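Only one structure is covered here, and it is reproduced in the block below.
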Amino acid sequence: MMKKALLMLAAAASVTALFAADTPKTNLGKLYEKDFLIGVALNQRITSQQDKQRAELAASQFNCLTPENCMKWDATEPQEGKFNFGPGDDLVKYAQKNKIKIHGHTLIWHSQTPQWVFQGENGQPATRELVLKRMKNHIEGVMKHYKGKVDAWDVVNEAFNEDGTLRNSRWKQIVGDDFIEKAFEFARAADPSAKLVYNDYNAYNPSKRDGIAKLAKELKKKGLIDAVGMQAHYLIDYPSTKLIEDAIKKYADAGVMVMVTEMDVDVLPRSNGRVTADISATQEYQEKNNPYTKGLPDDVSKKLADRYEDIFKVFLKHSKNMYSVTVWGLDDGTSWLNGFPVRGRTNHPLLFDRQLKQKPCYDALVKLKQQQGLRK
Ligand code: 9MR
């Protein structure tokens, strides 16, 4: 009797899954709402609603969004003390209209930061005091403007090397190793209600992971951090789900939540095998490394779906420690991976294709959650 009931439930589930596959109307955010937020990074054409089609699709699927570029320092304070909030304000309007939370990205980074930040008088580098003053002014300027509107902020982005030491950035050179703590202090004071995040790529890599976890633990003791952001720019076969899971556990043990902030899965070959999201690590174009210009073959598409599913199984297993999972882009056509690490390729790393149609990897996430729901 029990078995028959289960069979009937399973049949009902596969009908729902089929239905979901034929329509983009399933709302991914809603489906996972008891587990974690489902976010998406959006470019300015979408958040200003010039790209209406994408703006509507994103609003129908996600309950969290990250500005892909328009809240970075070069966009928000291009000249000292002259803030530009236009594009960010458009984004807030779009998010509020659609009841989408905002993940702010990013306050302090070595990249996309104007040169003036580090310049002193007469062509000399700025002093520690001057750089700290500018840091404070920037964090306050941006966070207070968006107070109560931005749910979480990437306060410091990509400050670690792969070996767990600190990147030799202008921040570290001029301010010293405590630039991270200072940034978090300024951020906590500027908007005490915002969740504060340390964000990095390759956050699964054990040596880097341990460096980040140590920092997180120290900052947590001082009440300055809420989450580690694992960017999750993954390849189709790397890293293993074990490495991902170990990192989630490590950060949870450090006492912070995990936010998966920039997930995508690169399906194209990397000629030098490097796994990085460091934008300086570019490679030469070679025809053989751009094999899917006419679309993704079914077998690779299936592999991609399995990969998303395997990784989401880990996220679901640890959902009590996970706050959000964000994909880095809405569709394959707007992904940064068409230009990195090789310019001009056709990549397929996201949940929607170039025609904005949901892919098998999207369907796999719907099915995974529906099946889990039935087991509960
Ligand atoms: O997706 C972003 C792309 O549009 C920009 O050109 C690039 C420039 O730095 O930044 C990309 O986003 C990065 C994010 O801000 C930080 N982590 C790595 C992301 C991919 O490079």
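Counting from 1, the numbers follow the sequence of the chain as shown. Just so you know, ligand 1 is whichever comes first in the structure, and atom 1 is the first atom listed for that ligand. Note that this is a predicted model, so its numbers are computed, not measured.
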Fill in the blank from the handout: Ranking Q44, E262, K72, E68 by closest non-hydrogen atom to atom 10 (O) of ligand 1, top hit is K72

Problem - salt bridge (charged side-chain N to carboxylate O under 4.0 Å, His left out) partners of K149, counting only residues at least two apart - result: none

Problem - Shared hydrophobic cluster, L196 / M71 (ILVMFWY, side-chain heavy atoms < 4.5 Å) - result: yes

Exercise for the section: Give a yes/no verdict on a cation-pi contact between K208 and Y201, requiring under 6.0 Å between NZ or CZ and the six-membered ring centre and an angle within 45° of the axis. Expected result: yes

Fill in the blank from the handout: Atoms of ligand 1 under 4.0 Å from any heavy atom of H233, numbered from 1 in the order shown, are 18 (C), 19 (C)

Fill in the blank from the handout: So the atoms of ligand 1 within less than 4.0 Å of a heavy atom of Q231 turn out to be 17 (N), 18 (C)

Practice task
If you link ILVMFWY side chains whenever their heavy atoms are less than 4.5 Å apart, which other residues fall into the same cluster as L130? By chain and number, please.
Solution key: none

Exercise for the section: Would you check the N or O atoms of Q112, main chain and side chain alike, for any that come under 3.5 Å of an N or O of ligand 1? Expected result: yes

Problem - Contacting atoms of ligand 1, where contact means under 4.0 angstrom from a heavy atom of W336 - result: 1 (O), 20 (C), 21 (O)

Exercise for the section: Report the part of T106 (side chain from C-beta onward, or backbone N, CA, C, O) that has a heavy atom under 4.0 Å from ligand 1; answer both or neither where that applies. Expected result: neither

Exercise for the section: Answer yes or no: is there a side-chain heavy-atom contact under 4.5 Å between K303 and P360? Expected result: no

Exercise for the section: Select one of side chain, backbone, both or neither to describe which atoms of F340 lie under 4.0 Å from any atom of ligand 1, heavy atoms only. Expected result: neither

Exercise for the section: For residues L37 and Y323, determine if any side-chain heavy atom of one lies less than 4.5 Å from a side-chain heavy atom of the other. Expected result: yes

Problem - Flag, side chain of H233 to backbone of E262, donor-acceptor distance under 3.5 Å - result: yes

Fill in the blank from the handout: In ligand 1, the atoms that come under 4.0 Å of a heavy atom of E158 are 16 (C), 17 (N), 18 (C)

Problem - Where ligand 1 meets W109 - atom numbers and elements under 4.0 angstrom, heavy-atom basis - result: 9 (O), 15 (O), 16 (C)

Problem - Mode of Y201 contact toward ligand 1 - side chain, backbone, both, neither (heavy atoms, under 4.0 Å) - result: neither

